[in-house]
Structures are given as C-alpha cells and as structure tokens.
Amino acid sequence: MNRNWEMQLSTHDENGAQAPASGNAAPDLTDRVLIENALRASEERFRELLGSLHEIVWCYSVNERKVIYVNDAVEGIYGRSKEEFLANPKLWRTAIHPDDRDMAGHADQLVLETGQAACDCRIVDAADHLHWLHFRLYRVGDAASASGQRVVGVGIDITARKRAELALTESEELFLTTMGAAQVGIFVVQDSKLAYVNPLIPRMFGYRENEMVGMAPFDLVAPELRESVVQEQRSKGSESSRSFETVAVRKDGSTFPAMVLAAPTSYKGRPAWTGTIFDLTERKQAEKRIIELAFFDPLTGLPNRRLLEDRVGQAVAEAERKKGSLALLVLDLDKFKRVNDSLGHGVGDQLLCSVATRIKKVVRKTDTIARMSGDEFVFVLPGSDAEGAAEMARSLINACAQPFIITGHELTVTPSIGISLYPTDGQDFEHLYKNADLAMYQVKEDGRQNYQFYSQSMNSATLEHLFIEHGLRNALAADQFLLVYQPLVLLRTGHIVGCEALIRWQHPELGLIQPIRFIPVAEDSGLINSIGEWVLRKACWQAKAWQDAGLPLQAIAVNVSPVQFRQSRFVEMVAEILQTSGLPASCLELELTERTVMHDAEVNLGTLSALSKMGVELAVDDFGTGYSSLAYLKRFPVGKLKIDQSFVRDIAEDRDDLAIAETIVSIGHSLRLNVLAEGVETEEQLNILEEGDSDMAQGYLFSVPLPADEFAEMLRQQPFEKADGKWKEW
C-alpha cells in the first residue's frame, strides 16, 4: 500500500529488534489433524452459543433527561439506529405499545425509588411489527453526585416465549404440535408434577415419554442439590420468571450440567409453569478446553508460562505473609536440539512427554511444574529453602539419568538446573525466573548436568540497573521525557477515534530509550509514581489542546503502572488532573494490565468503581496473558479488553493464538465490552481481526507512535477511512 505517512510494516518490536520466529516441535500429523478438527468443532459450538446473546443495553441520565448509551443490539429489534435513540430520548416511550406504557412508567418510577425494577411489555418496531421484551432496570449513581442518577437497562427479546405461552392458553393442540418439534427440551409443570414433556426431554434423560409425565421435576436434579434448588425457587415467589443452572440426573444415574428457564402460564385452563431445559455439556467442555488452551501446554499437559506466573504470585504472597521462603528452579535439557535435528521433532516431542512424566513423580503435590518453551521446565517449590532446593535438583538429575526408549531409540538426556530463592534473589516471578535462568546458563558454561544457585556476580545487568536508576532520578527535572501517540482505529469505519500516549526517555548519553528498558527500574525504585503522574498530566493537557483546536479526538489512553495504581491517593490525583486540564473524564481511558486488576481484586474493585463513577473509561490491557477470574471480570466497571500483541503476532499461523483471540472477542462482547487488538502489523492480521468482530486496532500497520504535531496532522486528515466497507489506500 502507498501511505501518506512514514510507517514501518515489519515484525519488529518498539526497540527495532526482529521478533523471534515461533516454532515448536510438531506432534504426529494425523493426531494433530484429529485434535485440531475436534477443537475447531468444539470452539465453533462455543462461539455460536456466545454469539447468540443479543440483549439490548442502554443507560439513561435522569438529571440530563437523555439516553447517553445504547448498544448495537437495539437496531436488530427496534429497526432503528442507536443514533436515533441517543438523539431522541422520547423514542423509548413512543416505541412502547400504548396499552403497556402505564406499566413501563410504573417500572421507571419504581427503579428510582427502590434501585431496580423489571417488567414485560410490547414494543412496536420501525416496520410496525410487535415484539415482547423483558426489561430489567437498575439505578446507579446518586442525585447528589457529580454524575447524577442514571438508569441502566437490559432488554431481552421474549417474543418466542410469549408466543409459546399464548399457544398454551389459546390452543393446546397447536402448542403440543409446535413444542413436540422443538429442538430444545420443553416441559409443563402443574400441581408440582410434569404435565407435559416434548419428545426431546425423555431422550435427554433416558426415559420413555410415558414414564416422565407425573414425575416431580426436582427428581431430575442431582440428589445433593434438590433441597437447595427447591428453597431457592420458593424464595423467588410464584409470579416471576426464573432461570438457573443445575446438575441434572438421568434415569441411569449419570449426570449432566443443565440450564432451566421457566415462567408462569396456564395449561388446560389452570395455572402452570412452562419452561425449557438445555444440556450445557458441550458448552462446559468448550469452556474447559479454552482454559486448557490459554493456561496449559498442549504437548505435555503441564501449566504454561501464564499459569506459572499466577502460581508464583500466589506462592510469593503466601511466603510474604508467613515470612517464609520458596525456590524457583529452571531445568533445561542438554543438547536436546540434537534429538530434533537427527531423529525429527516427532521423536523430540515424545521425549519431552517422557521427561515430563518422570519429573512429575519427583515433586510434591504442593509444587508446580511448568513447560516454558522447547526443552525448558520451571519448578516452583513453596516453603523450600536452599537445602530443599538442592535436594530437589539432585532428584531431578537422578530421574533423568536412566535412558529413555522412544520408538526403538535409546536416548539419554541430562539436565542443567539453575536455582533462585525468595526473597534474596527476587520478590516476583520476573526476577526469580531471570536469576534462575542466569544460574542455569552458568551451569551449561561450566559443563552441564549439574545445578547452580544464583549469585549477584552472574547478573551483568545489575550495573545497568543502577545506571538507569540514577539517570531516572534527574530525568524529570531535566525535562528528558517525551510522549508519542499511536492512533486507535475503529475497524467498522476506519476512523481514528483516539490514541495511546506512550513515554520515551531522551537520555543525554544513551539516546532514545524505550519504556521496556526503564519502566521496571522506575517501578523497583518507586520513581514510577512521579513519572506516571507526569505522563497522565501531559497526556490530558495535550488531548484538551487537540479538542480545543477542533480535532476529532474522542479519547486518549494512558497506561497505569500497578505500583502507581495502588497509591492511596491515585483517584484523587486523577480527579485533580482532569479538573486542571479541563479534559472531560469520558475522554480519558486508563489502561491497567490484567495482573494489576486481579491482584487484590476486592480492593481494586473499589478504586475502579470510584474512577468509573467519575466518568473515566477503563480498559484491561494484555488480556489473556494473566489468569483472570471471569466472575470478577463481570463485576469490574471496565469498558474495553485489549488483546495482547503476543496473540496477534502469530494469529495467522498459530491456531491456539487465533482461538484465544476469538474467545477474548466473544467474552468481551458477551460482557458488552469493546475489544481492541494491539500490535497489528500486517494486512492479514487485520483481515482476521475484522472477520473475528474485533472493534478496534492499533499497531505499526496504521502508524508507529508519532510526535504530537504529526499525530495531530494524521487525526486531521483521517488517512484510514473506509468507503463502502473497504479500506482506502494509505
């Protein structure tokens, strides 16, 4: 493509270094094809299930008397664009069927008085078609607060269910015919007994159809859950619809996860309940497989780096709390490359699996073994001191001493092991792993097949660390920092809607230094707080200047260090900077890594909520590289997930990265979050992300990070706009 801007289309990182080529020992081709086909089918079913969620979500400002947000789902049901709803607040009420407006008005009043409300009502779409919607309303904010009261609503299309209920009331014959052909399990409960089941339910539970009519429905629930399910349903009253997940039990005693949806109705002229039941087995299996893809090595089944980092974080926190210790060991197989080169990667993979099987027998149940990459394994030994670590290293060497018999070949491999100890050699995963890795390479230099503890003399980077730290202490006062800006592009239109502010250090002796080199030092030394405040203040003032100049900048994103985020006055600092700069809070987006958000999640929830109430947008950066709890994620008031560039880099070649990226998009959209892919460098990556419904992207394909004046010119010219759904030449 021809561009108006100087852009580097390469697979280089920000330092200009060539990104390492990915590669891994490949298993047997037939097995891999079978595995990939099975995985593809399973993932497709899961994506289809997530993609079927089409709830309408909107937010109404009571003080301003206007709709301030509505998602795209409104267009599919109302037949009107979300822009119409934003421009005309009265459209919500005029679209309601006249006979239902009083009921909807009552719900509006009730949510303001009690905090939440629900109702079923009819709406008329742009084509005069009638839809039944179930609305749930929630009040957020406070009339005395800066943001005022807001009502958040969720609307679910229940037209099909209402038609089914109407069919029950008006025509039993039509109901039975329709329900009998349905592809989901449908039942009617009357007098606490099953009065009707469609043919799918007996097949689902292993009964004959005439055996199930007359059964108590709770007899189909696993015995240990029956009492709790009965009590929970009784607590919901007799008038409200209900839904719940449970464990269903078949006639033969086997169980399966199930989702039940039910609502009050009538059957043969008498009160009853009608409902549907779904077998969730495939969805649960897909969820489990996705977790395995993200956190476990597909070859050996051992935890991968992402899960290992989480385990080390937990072990470090436990050791810190108990004033204890832990050891981290890095084991690398000596001359393993010769096996791959001489006998092929298939034999090499089998050898790795055999090594993994042996070393798993050596460790304790409380220990963690992970495969980092290639022939490198990492061990985390909670509570272990130097003596215990040395004993484990000797046991691992002995475990590998006996030859391995692989496809008729007798193979002997020896391990080199490096050891680091908490807290003397590091107090987090990165430092412990780095120092153990240095010790392991020292073993290789000394002759292999041994173990070595880390010592300070091994770390050649120590002097540089001190040099960088000394320079950082003077950098702010000497005005050596600068910001550059990388555009954030909306894939649907090609518009530049914002930018990410990135710091650089113009060192008087070393030249331009990238943040990956000095930010860790700043965090270790505590200097990150003053540097982070400078970045935030500079970015907000610059964004306000661009807006005052009439440039169409919607948001500026700023990275927040975990150290900075944990400051007691962080929220107050953000508020002060927004006030003095004049930048609207909604135009500031704070990016926090997944690990930052999940560390001490309950405490962080309060900080995130305070920022959100202020109007600041929040994004989870590097999503997928940590080990998040989705239960927490849905509680956090974040608006965006960023797919880490480590997944985007090989998305065209690595099916695991593609699967994880697609899953992140599905999870984000299911939680009504925007999804941005970072590190986009090729058109192929862009096409895949567009097809996968990513909302936004950034990366060298669009532009390297630019000085303020160059970014302003790019923002003014909008060089990436799409016409008729196609990217124009840039």
Colleague: Taking atom OH of Y441 as the centre, report whether more than 12 heavy atoms of other residues, nucleotides or ligands fall under 6.0 Å from it.
Modeller: no
Colleague: Carefully, step by step, assess E589 and K642 under the rule salt bridge (Lys or Arg N to Asp or Glu O under 4.0 Å).
Modeller: CA-CA 12 Å; E589 180 178 282; K642 294 188 71 173; over 6 Å; no
Colleague: Using only atom types and a distance under 3.5 Å, with no angle test, would you say the side chain of D428 pairs donor to acceptor with the backbone of H431?
Modeller: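 Flag set: sc D428 to bb H431 pair under 3.5 Å.
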Colleague: Using only atom types and a distance under 3.5 Å, with no angle test, would you say the side chain of E691 pairs donor to acceptor with the backbone of I688?
Modeller: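 No.
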Colleague: Would a distance-only check, ignoring hydrogens and angles, find a side-chain to backbone donor-acceptor pair under 3.5 Å from Q547 to L553?
Modeller: yes
Colleague: What are the two closest heavy atoms between G679 and Q685, and how far apart are they?
Modeller: O-OE1, 3.9 Å
Colleague: Would you give me the side-chain donor-acceptor pairs under 3.5 Å for residues 77-84, sequence neighbours excluded?
Modeller:
| unit_1 | atom_1 | unit_2 | atom_2 | d |
| --- | --- | --- | --- | --- |
| S81 | OG | E84 | N | 3.3 |
| K82 | NZ | D72 | OD1 | 2.9 |
| E84 | OE2 | S81 | N | 3.1 |

Colleague: Give a yes or no on whether K640 atom NZ has more than 12 heavy-atom contacts from other residues, nucleotides or ligands under 6.0 Å away.
Modeller: yes
Colleague: Quick check: do L701 and E683 have side-chain heavy atoms less than 4.5 Å from each other?
Modeller: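 When only atoms from C-beta onward are counted, E683 and L701 do touch, with a gap below 4.5 Å.
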Colleague: State which residues pass side chain to side chain donor-acceptor pair (under 3.5 Å) with Q554; sequence neighbours excluded, sorted by chain then number.
Modeller: none
Colleague: Testing the basics here: between L605 and P637, what is the closest heavy-atom pair and its distance to 0.1 Å?
Modeller: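 Smallest heavy-atom distance, with atoms named: CD1-CD, 4.2 Å.
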Colleague: If we only count heavy atoms from C-beta on, is the Q486 to F711 side-chain gap below 4.5 Å?
Modeller: no
Colleague: Under 30°, 30 to 60°, or over 60°: which ring-plane class applies to Y433 and F429, parallel, tilted or perpendicular?
Modeller: parallel
Colleague: Working note: T580 + R537, criterion side chain to side chain contact (heavy atoms under 4.5 Å, CB included); need CA distance, chi angles, decisive distance, verdict.
Modeller: CA-CA 9 Å; T580 56; R537 195 175 299 277; 3.8 Å; yes
Colleague: Just wondering, do L592 and L608 contact through their side chains at under 4.5 Å, heavy atoms?
Modeller: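 They are in contact (side-chain heavy atoms under 4.5 Å apart), so the answer is yes.
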Colleague: Check whether any side-chain N or O of E617 sits under 3.5 Å from a backbone N or O of C587 as a donor-acceptor pair, and report yes or no.
Modeller: no
Colleague: Please test Q717 against E713 for side-chain hydrogen bond (donor to acceptor under 3.5 Å, both in side chains), starting from the C-alpha separation and ending with a verdict.
Modeller: CA-CA 6 Å; Q717 295 197 16; E713 184 62 24; 2.6 Å; yes
Colleague: If you look at every heavy atom in V574 and L590, which pair is closest and at what distance?
Modeller: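 Distance-wise, the nearest heavy atoms are CG2-CD1, 4.3 Å.
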Colleague: Just verifying a value: how many Å separate L641 CG and L671 CG, rounded to the nearest 0.5 Å?
Modeller: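 The CG atom of L671 is 7.5 Å from CG of L641, to the nearest 0.5 Å.
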Colleague: Per the side-chain contact (heavy atoms from CB on, under 4.5 Å) rule, which among L308, D437, V312 passes with V378?
Modeller: L308
Colleague: Test salt bridge (Lys or Arg N to Asp or Glu O under 4.0 Å) on D548 and K544; report intermediate values, then the result.
Modeller: CA-CA 6 Å; D548 290 345; K544 185 62 168 65; 2.7 Å; yes
Colleague: Has the side chain of E710 got a donor or acceptor atom that lies under 3.5 Å from a matching backbone atom of P707?
Modeller: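 The answer is no, because no donor-acceptor pair under 3.5 Å joins these two groups.
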Colleague: How close do I513 and F518 get, heavy atom to heavy atom, and via which atoms?
Modeller: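 That would be O-CE2, 3.4 Å.
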Colleague: Using salt bridge (Lys or Arg N to Asp or Glu O under 4.0 Å), reason through E430 and K434 one step at a time and then give a plain yes or no.
Modeller: CA-CA 6 Å; E430 292 297 337; K434 180 190 70 173; over 6 Å; no
Colleague: Does any donor atom in the side chain of E469 or S525 lie under 3.5 Å from an acceptor atom in the other side chain?
Modeller: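 Note: E469 and S525 side chains miss the donor-acceptor criterion.
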Colleague: Hey, what's the ring geometry for F570 with F565, parallel, tilted or perpendicular (30° and 60° as the breaks)?
Modeller: perpendicular
Colleague: Any idea which heavy atoms bring D657 and S646 closest together, and the distance?
Modeller: OD2-O, 3.6 Å
Colleague: Taking N304 for its side chain and D297 for its backbone only, find out whether a donor-acceptor pair lies under 3.5 Å.
Modeller: no
Colleague: Can you name the closest pair of heavy atoms from A539 and L483 and give their distance?
Modeller: N-CD1, 3.8 Å
